[in-house]
Amino acid sequence: KQEVTQIPAALSVPEGENLVLNCSFTDSAIYNLQWFRQDPGKGLTSLLLIQSSQREQTSGRLNASLDKSSGRSTLYIAASQPGDSATYLCAVTGGGNKLTFGTGTQLKVEL
Amino acid sequence: GAGVSQSPSNKVTEKGKDVELRCDPISGHTALYWYRQSLGQGLEFLIYFQGNSAPDKSGLPSDRFSAERTGGSVSTLTIQRTQQEDSAVYLCASSFYGKETQYFGPGTRLLVL
């Protein structure tokens with residue numbers, strides 16, 4: 001059974017700092033990995049999707065990497081802003097196309 | 001364009017009652033998913049529809065849960081004889097086809113008293 005773990009569970013940083021969120025998964029047989037953000041009381045917003053054959057994806061200040069063989073992904077956020085405050089979730093797609101989600105990292109960027 | 005929509009946004013019901021939750025996927029998306037987000041369990045998969053194929057029901061927690069998708073578009077998740085442990089946020093997502101980016105709706109917050 002696929003298990004996805006995210007470290008740290010919570011993170012508080014000052015505005016402008018670069019930061020890294022970590023995601024690990026136990027079964028490397030995945031089709032892709034997605035990073036989402038969730039704002040309080042809201043649904044999920046997809047940030048980046050990395051196919052299993054890819055090593056990284058970039059969107060603006062976000063960069064996600066994937067090391068499938070070691071079961072790890074990182075989400076790098078450059079020059080963090082208060083608007084980046086949210087819960088960040090990684091999820092992997094395995095057999096059956098369903099997403100298995102990590103436990104999430106709650107990020108707070110302070111002024 | 002319109003995203004995934006869900007209704008109702010909030011639902012309060014009494015234990016033992018049946019509830020129906022609705023999901024309207026993005027037009028043209030062939031894949032539709034239901035997930036549940038609860039405090040104790042995080043986000044978990046419930047059911048997946050892909051085109052006209054038989055749905056993947058492997059995540060449904062009990063036979064009180066069922067879902068259908070009519071005409072390859074709108075989906076309804078039904079919970080019969082609700083229990084307090086069913087209280088959660090029920091999220092719907094759709095994608096152009098399986099294994100692609102999933103787009104989520106805002107969710108339905110269900111509270112069973």
Side-chain angles (χ1 to χ4, degrees), chain A residues 1-7 9-10 23-27 29-54 57-59 62 64 66 68 73 75 86-106, chain B residues 2-7 9-10 21 23-26 29-51 53-61 67 88-111:
Chain A
K1 178 185 174 185
Q2 178 73 270
E3 292 183 2
V4 183
T5 305
Q6 291 185 246
I7 297 173
C23 172
S24 62
F25 46 95
T26 55
D27 185 351
I30 63 169
Y31 292 112
N32 60 46
L33 182 145
Q34 279 187 256
W35 282 94
F36 296 88
R37 70 173 278 168
Q38 185 173 33
D39 294 280
K42 302 288 181 62
L44 277 66
T45 301
S46 179
L47 298 173
L48 291 164
L49 180 145
I50 311 176
Q51 300 290 354
S52 61
S53 58
Q54 298 175 318
Q57 282 286 340
T58 298
S59 176
L62 305 179
L66 174 64
K68 183 182 170 184
S73 176
L75 178 66
T87 296
Y88 289 80
L89 295 155
C90 71
V92 297
T93 303
N97 301 327
K98 60 190 180 186
L99 289 172
T100 301
F101 283 88
T103 46
T105 293
Q106 190 171 358
Chain B
V4 178
S5 61
Q6 293 185 244
S7 61
S9 54
N10 292 282
L21 313 179
C23 172
D24 279 272
I26 293 172
H29 281 190
T30 61
L32 186 147
Y33 312 77
W34 284 97
Y35 297 87
R36 178 170 72 173
Q37 186 172 33
S38 53
L39 280 175
Q41 300 295 325
L43 251 162
E44 55 181 345
F45 164 80
L46 296 177
I47 188 169
Y48 159 59
F49 296 89
Q50 173 61 62
S53 302
D56 176 354
K57 304 179 182 180
S58 60
L60 295 178
V89 177
Y90 290 81
L91 293 163
C92 175
S94 70
S95 65
F96 185 63
Y97 63 92
K99 303 183 183 60
E100 294 299 315
T101 300
Q102 294 188 22
Y103 296 90
F104 282 75
T108 293
R109 286 154 189 77
L110 174 66
L111 178 61

S.K.: Quick check on Ser58(B) against chain A: is it the side chain, the backbone, both or neither that has a heavy atom closer than 4.5 Å?
M.R.: side chain
S.K.: Need one label for Leu91(B): side chain, backbone, both or neither, based on atoms under 4.5 Å from any heavy atom in chain A.
M.R.: side chain
S.K.: Just how far is it from atom CD of Gln102(B) to atom CG of Leu49(A), taken to the nearest 0.5 Å?
M.R.: 9.5 Å
S.K.: Could you state the interatomic distance from CD (Glu44(B)) to NZ (Lys98(A)), rounded to the nearest 0.5 Å?
M.R.: 11.0 Å
S.K.: Is Leu48(A) close to chain B through its backbone or its side chain, or both, or neither, when contacts mean heavy atoms under 4.5 Å?
M.R.: neither
S.K.: Tell me every residue that passes ring-ring contact (aromatic ring centres under 6.0 Å, His included) with Phe101(A), counting only those two or more places apart in sequence or in another chain.
M.R.: Phe36(A), Tyr35(B)
S.K.: Identify each donor-acceptor pair in which a side-chain atom of residues 38-46 of chain A lies under 3.5 Å from a protein atom, sequence neighbours left out, and give them as a table.
M.R.:
| residue | atom | partner | partner atom | Å |
| --- | --- | --- | --- | --- |
| Gln38(A) | OE1 | Gln37(B) | NE2 | 2.9 |
| Gln38(A) | NE2 | Lys42(A) | O | 3.0 |
| Gln38(A) | NE2 | Gln37(B) | OE1 | 2.9 |
| Asp39(A) | OD1 | Arg37(A) | NH2 | 2.7 |
| Asp39(A) | OD2 | Arg37(A) | NE | 3.3 |
| Ser46(A) | OG | Gln34(A) | NE2 | 3.1 |

S.K.: How far does CG of Leu43(B) sit from OG1 of Thr103(A), to the nearest 0.5 angstrom?
M.R.: 11.0 Å
S.K.: Counting heavy atoms not belonging to Gln106(A), are there more than 12 under 6.0 Å from its CD?
M.R.: no
S.K.: Using every non-hydrogen atom in the two residues, find where Leu99(A) and Phe45(B) come nearest and quote the distance to one decimal.
M.R.: O-CB, 4.1 Å
